[in-house]
Amino acid sequence: RKFIAGPKWALPTTVYFAVAVIVHIATYPRFEIAPLSFPTCVSVGASLVAAGICMYAAAVVSLRRGLRKGTLVTGGLYAIVRHPLYAASILFIIPGIALAFRSWVLLPMPAVAYIAFCIFIPGEERYLYEQYGEDFKLYRERTNAIFPVLWRRGKRS
């Protein structure tokens with residue numbers, strides 16, 4: 001499917017990851033996050049990855065149900081963010097991996113992923129607007145793309 005930004009988004013993120021790991025290993029321990037202990041980094045990193053995987057899996061289940069019905073998915077995690085699959089990766093999985101590696105070079109990786117998301121997601125959103133029209137437009141107006149807004153002023157539609 002042309003509209004899916006995932007593969008396009010993943011490419012720069014994966015390239016950054018590969019280069020950063022090579023730099024980290026080749027220059028070890030220069031870029032090691034020394035102020036935090038190895039067990040701390042691995043524990044926090046693994047917790048973030050686990051939370052992200054749970055979020056990702058829940059979003060996939062909702063998305064598959066919606067695709068089978070041919071409806072725009074706006075419930076569950078999709079009520080909190082428009083793109084929970086990307087949010088799970090950018091906010092939890094990628095930072096968790098960076099932290100587990102205990103590497104300063106990997107810590108910017110979520111920013112790289114977010115920038116790639118911002119570049120490639122407009123095409124996917126155009127497709128969603130073409131498919132769902134006004135429903136998607138209203139959904140887009142009330143729901144942030146990646147960063148959840150858990151409270152709103154005034155009435156929520």
Side-chain angles (χ1 to χ4, degrees), residues 1 3-25 28-29 31-69 71-125 127-128 136 139-153 156-157:
R1 296 182 192 179
F3 74 92
I4 296 177
K8 295 174 187 173
W9 165 84
L11 182 62
T13 306
T14 303
V15 168
Y16 181 90
F17 175 71
V19 170
V21 166
I22 290 167
V23 168
H24 178 75
I25 291 169
Y28 188 81
F31 295 110
E32 180 183 30
I33 300 174
L36 298 175
S37 71
F38 178 78
T40 299
C41 285
V42 171
S43 298
V44 173
S47 297
L48 286 171
V49 170
I53 289 170
C54 290
M55 181 178 172
Y56 195 96
V60 165
V61 169
S62 295
L63 182 59
R64 285 194 174 160
R65 269 192 219 127
L67 289 173
R68 275 196 299 268
K69 293 178 185 175
T71 60
L72 178 65
V73 180
T74 60
L77 290 171
Y78 287 87
I80 300 168
V81 292
R82 284 195 314 276
H83 302 286
L85 298 172
Y86 298 109
S89 297
I90 293 169
L91 301 177
F92 294 99
I93 297 171
I94 293 171
I97 291 169
L99 201 53
F101 267 84
R102 204 173 166 207
S103 173
W104 290 112
V105 181
L106 283 167
L107 283 183
M109 196 166 56
V112 171
Y114 180 70
I115 291 166
F117 169 82
C118 290
I119 291 168
F120 295 114
I121 204 62
E124 188 167 315
E125 292 209 336
Y127 172 83
L128 291 168
F136 180 73
Y139 172 62
R140 188 174 196 275
E141 288 171 0
R142 72 174 189 265
T143 313
N144 281 358
I146 291 285
F147 301 102
V149 175
L150 301 176
W151 64 92
R152 294 214 183 261
R153 288 192 155 170
R156 195 155 187 209
S157 50

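Keep in mind it's a predicted model, so treat the numbers as computed, not measured.
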> What closest approach, in Å, do M55 and P84 show between heavy atoms, and which atom pair accounts for it?
Replying inline: CE-O, 3.7 Å
> Just how far is it from atom OG of S103 to atom CD1 of I97, taken to the nearest 0.5 Å?
Replying inline: 12.5 Å
>> Measuring only between side-chain heavy atoms, which start at C-beta, is R142 closer than 4.5 Å to T74?
In response: yes
>> To check you understand the geometry: which heavy-atom pair defines the closest contact between G52 and F92, and what is its length?
In response: CA-CB, 3.5 Å
> Roughly how far, to the nearest 0.5 Å, is OH of Y56 from CG of L63?
Replying inline: 9.5 Å
>> How long is the straight-line distance from CD1 of I121 back to CG of L128, given to the nearest 0.5 Å?
In response: 8.0 Å
> Going from CZ on R64 to CG on L67, what distance comes out if it is rounded to the nearest 0.5 angstrom?
Replying inline: 9.0 Å
> Closest approach of C41 and L36, non-hydrogen atoms and distance?
Replying inline: SG-CB, 3.6 Å
> ring-ring contact (aromatic ring centres under 6.0 Å, His included) between F31 and F101: does it pass, once the steps are laid out?
Replying inline: CA-CA 10 Å; F31 295 110; F101 267 84; over 10 Å; no
> From I90 CD1 over to F147 CZ, what is the distance, rounded to the nearest 0.5 angstrom?
Replying inline: 7.0 Å
> What's the shortest heavy-atom distance between P148 and I80, and which atoms?
Replying inline: CB-CG2, 3.2 Å
> Of the non-hydrogen atoms in E124 and G6, which two are nearest, and what is the gap between them?
Replying inline: OE1-N, 4.5 Å
> Under the criterion ring pair (Phe, Tyr, Trp, His ring centres under 6.0 Å), which of F117, Y16, F120, Y86 is the partner of W9?
Replying inline: Y86
> Got a sec: does the CZ of F38 have more than 12 other heavy atoms crowding it under 6.0 Å?
Replying inline: no
> So, does Y78 use its side chain to make a donor-acceptor pair with the main chain of T143 at under 3.5 Å?
Replying inline: no
> Between S62 and V73, what is the shortest heavy-atom contact and its length?
Replying inline: O-CG2, 3.6 Å
> In Å and rounded to the nearest 0.5 Å, what is the NE2 to CG distance from H83 to N144?
Replying inline: 10.5 Å
>> Tell me if a side-chain donor or acceptor on R82 pairs with a main-chain N or O of R140 at a distance below 3.5 Å.
In response: yes
>> So, applying side chain to side chain contact (heavy atoms under 4.5 Å, CB included) with F17, which one of L106, V112, I22, I94 is it?
In response: L106
